[in-house]
Chemist: 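Quick one: the structure is below, questions incoming.
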Protein chains: 2
Amino acid sequence: MTIQYAILGLLSRGPLSGYDLKKLISDSSVFYWSGNNNQIYRTLVQLDQDGWVQYTVELQASLPAKKVYSITERGLAELKSWLGSSPELPELRSDFLIRAAWLDLLDPTERMALLDRYAEDVRLQLLMEKEKNRRASLKVGDHPLNARLAGMVAENLISFYENELAWLQKLRAVLMENE
Amino acid sequence: MTIQYAILGLLSRGPLSGYDLKKLISDSSVFYWSGNNNQIYRTLVQLDQDGWVQYTVELQASLPAKKVYSITERGLAELKSWLGSSPELPELRSDFLIRAAWLDLLDPTERMALLDRYAEDVRLQLLMEKEKNRRASLKVGDHPLNARLAGMVAENLISFYENELAWLQKLRAVLMENE
DNA sequence: CCTTTCATGTAACCTGTTACATGATTGG
DNA sequence: CCAATCATGTAACAGGTTACATGAAAGG
């Protein structure tokens, strides 16, 4: 997976500036990149060279000029062809899971404290995802397929964190037995 | 999270060679790195310089000599101190989730085929994780905390894939409504 | 007054990947 | 005979991160 297709996807919904893309990517957990300038502006230059996007410069009074990018027909074709290709398996990068394997090295109070701190962070993240989803779903009145899909994407993340919390409950039980 | 602590953790269970570490890391889904030589051998050199590990060279008849690394007291202290520090939130890198957002661009049969192909891959991965876990749990007779923790780590991965499959069922239903 | 928002871009760096290099032994 | 296992290591590159640079306007 490369960030190019994420950008093409976002542009398939409508024209956006690099600045807009940066915000969308860094605010979303689905687009797992940091959303840093370097990567986004460089990718846009590259996409433009490939003929997958084009841009117009919009001059604004008192605000800096912006480049508004839109997807080209070739870009849309490329996006669709990528969509149809084989998806990779999801990758889980869990710092806590690696720690969990050596938790027996800590004393009982310390490891329980660690678990609680982590569970709290996950709970908070879950709340944030739910809130983001609530706000986003308010915007759409009727529910065309793409809005329902956006909802399903959010639901995936939400269930991911809920699943993690359920697992933490089990882990807690295991640790309690060994206190 | 850096690979150093994963290596320290593995060495905390007993001495291992770079080759052993490479295999353990590439075979496990928890250690999400590729387990390539470059990273592992370099990290070991660095850990040795830091005084967190030490090694002895074991000469073998007809097989190449190997460096057997073990964790030092300072290394163990470092590992424990890392364990006690704040864990990062888990990071989910889902290629399919990004595709899912633009699935309305494909025609109904194509998007259903994509979903099925992906679901099949996830199902297979789930089976592999279960099998790995079954084999690993056979090895241990009694169940000290570290074995139970290893079981819980495996369970986390398994529930992750099961959760994904459940979500795919829901997505399937949504797509059926729009066929 | 200081921070945030808008808006673009570059330099330096770090991490991690693939591929290359060597070479004997064992198993199908 | 070919592939895999054992065992170490390096070179080249791709991908992604942090931090720097500029500069006006609006808001607390």
Side-chain angles (χ1 to χ4, degrees), chain A residues 1-7 10-11 15-50 53-70 88-89 91-93 95 98, chain B residues 1-7 10-11 15-50 53-70 88-89 91-93 95 98:
Chain A
M1 165 77 228
T2 35
I3 200 171
Q4 307 156 52
Y5 295 105
I7 290 179
L10 287 166
L11 290 179
L16 293 167
S17 67
Y19 189 78
D20 295 330
L21 285 163
K22 176 201 161 88
K23 269 197 302 179
L24 286 168
I25 290 173
S26 38
D27 290 352
S28 159
S29 320
V30 183
F31 307 111
Y32 46 80
W33 302 272
S34 73
N36 67 90
N37 293 348
N38 201 322
Q39 201 174 12
I40 288 166
Y41 287 112
R42 276 169 168 286
T43 305
L44 283 171
V45 167
Q46 188 214 301
L47 288 175
D48 179 45
Q49 279 167 0
D50 294 340
V53 303
Q54 56 191 171
Y55 67 89
T56 49
V57 178
E58 270 183 30
L59 297 167
Q60 306 174 104
S62 83
L63 275 179
K66 67 173 164 184
K67 293 183 179 171
V68 179
Y69 288 86
S70 50
E88 289 158 40
L89 281 170
E91 227 190 291
L92 176 61
R93 303 190 168 205
D95 180 25
I98 296 178
Chain B
M1 167 74 226
T2 37
I3 200 172
Q4 306 155 52
Y5 295 105
I7 290 179
L10 287 166
L11 290 180
L16 293 166
S17 69
Y19 189 78
D20 295 330
L21 285 163
K22 176 201 161 88
K23 269 197 303 178
L24 286 168
I25 290 173
S26 38
D27 291 353
S28 159
S29 319
V30 182
F31 306 110
Y32 46 80
W33 302 272
S34 73
N36 67 90
N37 294 347
N38 201 323
Q39 202 175 11
I40 288 166
Y41 288 111
R42 276 170 167 287
T43 305
L44 283 171
V45 168
Q46 188 214 302
L47 288 175
D48 179 46
Q49 279 166 2
D50 294 341
V53 301
Q54 55 192 172
Y55 67 89
T56 49
V57 178
E58 269 183 30
L59 296 167
Q60 305 174 106
S62 84
L63 275 179
K66 67 174 165 183
K67 294 184 179 171
V68 179
Y69 288 85
S70 50
E88 288 158 39
L89 281 171
E91 227 190 291
L92 176 62
R93 302 189 169 206
D95 180 25
I98 296 178

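Throughout, protein chains are lettered first and strands after them, A, B, ... in sequence-line order, and every chain is numbered starting at 1.
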Chemist: Nearest whole angstrom, please: distance from the P of D/dT10 to the CG of B/L44.
Modeler: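 Roughly 12 Å, once rounded to whole Å.
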
Chemist: How long is the line joining CD1 of B/I40 and P of D/dA7, in whole Å?
Modeler: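 B/I40 atom CD1 is separated from D/dA7 atom P by 14 Å.
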
Chemist: Could you give the CG-to-P distance, from A/N38 to D/dA14, as a whole number of Å?
Modeler: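 Atom CG in A/N38 sits about 16 Å away from atom P in D/dA14.
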
Chemist: Calculate the interatomic distance between A/Q46 atom CD and D/dG16 atom P; express it in whole Å.
Modeler: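 It is 11 Å, rounded to the nearest whole Å.
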
Chemist: Can you check the B/Q4 CD to C/dT15 C1' distance for me, whole Å?
Modeler: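 So the two atoms are 11 Å apart, to the nearest Å.
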
Chemist: Rounded to the nearest Å, what distance is computed from the OH atom of residue A/Y5 to the P atom of nucleotide D/dG15?
Modeler: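 Result: 11 Å.
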
Chemist: Rounded to whole Å, please give me the gap between CD in A/E91 and C1' in C/dT17.
Modeler: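 It works out to 12 Å between those atoms.
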
Chemist: Looking at CD1 of B/I3 and CG of B/L21, how far apart are the two atoms once the value is rounded to the nearest 0.5 Å?
Modeler: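 Result: 9.0 Å between the selected atoms.
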
Chemist: Testing the basics here: between B/A6 and B/W33, what is the closest heavy-atom pair and its distance to 0.1 Å?
Modeler: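 Between these two residues, the closest heavy atoms are CB-CZ3, 3.8 Å.
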
Chemist: What does the list of N/O pairs under 3.5 Å between the protein and nucleotides 2-8 of chain C look like, with a distance for each?
Modeler:
from	atom 1	to	atom 2	distance (Å)
C/dC6	OP2	A/Y19	OH	3.3
C/dC6	OP2	A/K23	NZ	3.3
C/dA7	OP1	A/Q60	OE1	2.9
C/dA7	OP1	A/Q60	NE2	2.8
C/dT8	OP1	A/K67	N	2.8
C/dT8	OP1	A/K67	O	3.4
C/dT8	OP2	A/Y19	N	2.7
C/dT8	OP2	A/Y41	OH	3.2
C/dT8	O4	A/N37	ND2	3.2

Chemist: Roughly, in whole Å, what's the span from CG in B/L24 to P in D/dA7?
Modeler: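 Atom CG in B/L24 sits about 13 Å away from atom P in D/dA7.
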
Chemist: Between B/N37 and B/K22, which heavy-atom pair has the shortest distance, and what is it?
Modeler: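 Scanning both residues completely, I find the closest heavy atoms to be OD1-NZ, 2.8 Å.
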
Chemist: Taking OP1 and OP2 of D/dT17, is either one under 4.0 Å from a side-chain nitrogen or oxygen of A/N36?
Modeler: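 Answer yes for this pair, as a side-chain N or O of A/N36 is under 4.0 Å from OP1 or OP2.
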
Chemist: Can you name the residues that form a side chain to side chain contact (heavy atoms under 4.5 Å, CB included) with A/K67, not counting sequence neighbours?
Modeler: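 Side chain to side chain contact (heavy atoms under 4.5 Å, CB included) check on A/K67 returns A/Y55, A/V57, A/Y69.
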
Chemist: With sequence neighbours excluded, what pairs up with A/L24 under the side chain to side chain contact (heavy atoms under 4.5 Å, CB included) test?
Modeler: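 For A/L24, the residues satisfying side chain to side chain contact (heavy atoms under 4.5 Å, CB included) (neighbours in sequence not counted) are A/L10, A/L16.
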
Chemist: For a quick test of reading the model: is some side-chain N or O of A/Q39 closer than 4.0 Å to OP1 or OP2 of D/dG15?
Modeler: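 Looking at the OP1 and OP2 atoms of D/dG15, neither is under 4.0 Å from any side-chain N or O of A/Q39.
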
Chemist: Over all heavy atoms of both residues, which pair between B/K66 and B/S17 is shortest? Give the atoms and the distance, please.
Modeler: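 Closest pair (atom of B/K66, atom of B/S17, distance): CD-CB, 4.2 Å.
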
